[in-house]
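In this text, all values refer to a predicted model and were calculated from it rather than measured experimentally. For the numbers below, each heavy atom of this structure counts, side chains included, while hydrogens, waters and symmetry mates do not.
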Amino acid sequence: MTRPGRLIVVAGVATEIGKTWVTARVIEELRGRGLSVCARKPVQSYGPEELGATDAEILAAASGEAPSAVCPEHRWYPLPLAPPLAASATGRASPRLAELLAELHWPSPAADFGFVETVGGARSPLAEDADCVDLLTALAADGVVLVAGADLGAINAVRLAADALAGPPLVVFCNRYRSADDVHRGNIAWLAERDGLAVETAVEGLADRLAQLPEGDNGS
């Protein structure tokens, strides 16, 4: 397997927080800077009405890959539940972490960046025996993007998720940030100044942060 130069895991504080949108936009930004980027989502579940605009398809459009390269077709579960629950509810065997890792194939030559998008929140189950934190640990990622909101409750949500994801360098991306909102500004300031977290609200700033990360070992 040819590991990307920088392997980034994208997690969220909750579902529907905008992980796919943020990942797609930062992929486009990095590619616009002349860098090679690939995206992977080891498993996805979705509502049938989303077919054509599932996470894998959105990420594929951003990275220039086939949706089946982003997420193997047999790991698409057409039910909006956590993947192991969606698998069981549709009469299929729930995936196990070792299986998802074995199916994670990277392009050769190695891309400058590889993004792996998780599901739901940081502790949401994505396999029968693993959640998003387990995936992060198994991948030995070079960095983590934690997608959060900036509304009331953001500080608590980010703190809990950041503690669970502790290890690799972490950047908090506050999605849907409104600079004119006093609550948004206060939450951002608290996370950055009091908690000492790296916080971004613009895709360009996020790309700058990720570009500063040291490259990992791409020989594995």
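Interatomic distance, Ile58 CD1 to Trp21 CH2, rounded to the nearest 0.5 Å: 12.0 Å. A distance of 9.0 Å separates CZ of Phe113 from CZ of Arg33, quoted to the nearest 0.5 Å. Atom CH2 of Trp190 and atom CD1 of Ile188 lie 14.0 Å apart (nearest 0.5 Å). Atom OG1 of Thr2 is separated from atom NE2 of His105 by 11.5 Å, given to the nearest 0.5 angstrom. A distance of 11.0 Å separates CD of Glu28 from OG1 of Thr23, quoted to the nearest 0.5 Å. Rounded to the nearest 0.5 angstrom, Ile155 CD1 and Leu197 CG are separated by 10.5 Å.
When atom types are taken as modelled, the side chain of Arg185 and the backbone of Ser179 share a donor-acceptor pair closer than 3.5 angstrom. Formation of a donor-acceptor pair under 3.5 Å by the Lys19 side chain with backbone atoms of Val145 is not found in this model. Between the Thr90 side chain and the Ala86 main chain, a donor and an acceptor come within less than 3.5 Å of each other. With hydrogens and angles disregarded, no donor-acceptor distance shorter than 3.5 Å links the side chain of Arg3 to the backbone of Gly114. Glu57 places no side-chain N or O within 3.5 Å of a backbone atom of Leu51 that could act as its donor or acceptor partner. A distance-only check finds no donor-acceptor pair linking the side chain of Ser45 to the backbone of Tyr77 [under 3.5 Å]. Panel note: side chain Ser36, backbone Ala111; no donor-acceptor pair is recorded below 3.5 Å. Remark: the backbone N or O of Pro4 is not paired with any side-chain donor or acceptor of Asp112 at under 3.5 angstrom. In this structure, Asn187 contributes its side chain and Asp151 its backbone to a donor-acceptor pair below 3.5 Å. In terms of modelled atom types and a separation under 3.5 Å, the side chain of Arg31 and the main chain of Val37 share no donor-acceptor contact.
In this structure, Arg6 does not pair ionically with Asp142, as no charged nitrogen and carboxylate oxygen lie closer than 4.0 Å. Of the charged side-chain nitrogens involved, none lies within less than 4.0 Å of a carboxylate oxygen, so that Arg40 and Glu117 do not count as a salt-bridged pair. The pair Glu99-Arg96 does not count as a salt bridge, with every side-chain nitrogen at least 4.0 angstrom from each carboxylate oxygen. Note on Arg176 versus Asp181: no salt bridge recorded, every NZ/NE/NH1/NH2 to OD/OE distance being 4.0 Å or above.
Around atom CD of Glu16, no more than 12 heavy atoms belonging to other residues, nucleotides or ligands sit under 6.0 Å away.
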What do the steps show when you test Cys132 against Val119 for side chain to side chain contact (heavy atoms under 4.5 Å, CB included), and what is the final call? CA-CA 7 Å; Cys132 299; Val119 302; 4.1 Å; yes

